[in-house]
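For the numbers below, each heavy atom of this structure counts, side chains included, while hydrogens, waters and symmetry mates do not.
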Amino acid sequence: MIKAEGIEEILLGMSDERQARQALRFFKTGPGEYGEGDRFVGLRNPQVRMVVKEAWRDTPILEAEKLVRSPLHEVRLCGLLIMVEQYLKAMKKKDRKTMNRIFDKYITLYQYINNWDLVDLSAIKIVGNHEVLNPDITLMDEWITPGAHTIWQQRIAMVSTWMLTRNDHPEVCFQRAEYLLSSPHDLLHKAAGWMLRETWKKGYRDEMRDFLEENINAMPSVMLSYACEQMPVDERHDWQQKRKTAR
């Protein structure tokens, strides 16, 4: 068994102060910014993944949870990626008990999954796959709603639709994206646009056009920009012009 303390010690041993300072700026940790107060060791993702590769098989879920609760960004990432690997292994083995346990633990840790990279590298594979396999789950439909939920809960709910779209349920993406049209948060606009782009890439082009026709008046510019990236240039420009005209 590998303990959280041992994993954190390995990560700290690779720390890079210069890289940590750059991360503070990149992840917007200043006063009033979305990552305010976050702390960094100064590791790149491949370094964290190298530790995960060696540790995930022998790290109990409770030890991974300790990592996710760390004040250090890269330590939290390491814990989340360990959970991802364990979930994927359980899914391959059709071990429903373990999958449910990891999902249930993940959703209790949302306050520590508090930056876009932490969300994007974990939610798609844990929450997304779990929703595909458990279509009766409605928690993410609750999380996407504004007001009582954090932007990170909303982003988790939005990016998890990647797997649903890949498994022939693009309607969930469109439904959740609609909730974010009026959000003031750029990070949520980008997430929704990214997921809408995935519906286009997977061939749901008429459905995407219907969504744009219905919502172009309310669509934030960055959401539209992300959503239309894979379109032919002429069609992309047409949608952008429609938005300008509507404004």
Take Glu178 and Phe211, measure what side-chain contact (heavy atoms from CB on, under 4.5 Å) needs, and give me the verdict at the end.
CA-CA 9 Å; Glu178 191 169 356; Phe211 178 86; 4.3 Å; yes
Between Arg176 and Ala157 (side chain of the first, backbone of the second, donor and acceptor by atom type, cut-off under 3.5 Å), is there such a pair?
yes
Salt bridge check: are Arg101 and Asp104 linked by an N-O gap of less than 4.0 Å?
no
Could you tell me which residues satisfy side-chain hydrogen bond (donor to acceptor under 3.5 Å, both in side chains) with Lys201, sequence neighbours excluded, listed by chain and number?
Glu198
Where do Phe103 and Asn134 land on the side-chain contact (heavy atoms from CB on, under 4.5 Å) test, with the steps shown first?
CA-CA 11 Å; Phe103 174 80; Asn134 301 273; over 6 Å; no
Neighbour count above 12 (heavy atom, 6.0 Å) for Tyr179 OH:
no
Less than 4.0 angstrom from a charged side-chain N to a carboxylate O is my criterion; do Glu17 and Arg21 meet it?
yes
Look only at the side chain of His149 and the backbone of Thr145, and say whether a donor-acceptor pair between them is shorter than 3.5 Å.
yes
Please check if atom CD in Glu9 has more than 12 non-hydrogen atoms from other residues, nucleotides or ligands closer than 6.0 Å.
no
Under 4.5 Å between any side-chain heavy atoms of Leu133 and Met99, yes or no?
yes
Side chain to side chain, Met219 and Leu196, heavy atoms closer than 4.5 Å
yes
Salt-bridge test for Lys242 and Asp238: reply yes if a basic N is under 4.0 Å from a carboxylate O, no otherwise.
no
Could you note down all residue pairs passing side-chain hydrogen bond (donor to acceptor under 3.5 Å, both in side chains) where residues 33-46 supplies at least one of them, sequence neighbours left out?
Gln19-Arg44, Tyr34-Trp116, Asp38-His73, Asp38-Arg76
Short side-chain to backbone donor-acceptor contact, Gln154 and Trp143, under 3.5 Å
no
Mind running side-chain contact (heavy atoms from CB on, under 4.5 Å) on Trp162 and Met195 for me, showing each step along the way?
CA-CA 6 Å; Trp162 175 302; Met195 292 302 108; 3.6 Å; yes
For Arg236, I'd like to know if atom CZ has over 12 heavy atoms of other residues, nucleotides or ligands within 6.0 Å.
yes
Whether Lys3 and Glu63 form a salt bridge (side-chain N of Lys/Arg under 4.0 Å from carboxylate O of Asp/Glu) is what I want to check.
no
Hey, mind stepping through Asp16 and Leu43 against side-chain contact (heavy atoms from CB on, under 4.5 Å) and telling me if it holds?
CA-CA 7 Å; Asp16 183 326; Leu43 301 180; 5.7 Å; no
If we check side-chain contact (heavy atoms from CB on, under 4.5 Å) with Met83, which of these qualifies: Thr59, Val52, Leu88, Ile61?
Ile61
Between Asp120 and Arg155, does at least one N-O distance fall below 4.0 Å, as a salt bridge requires?
yes
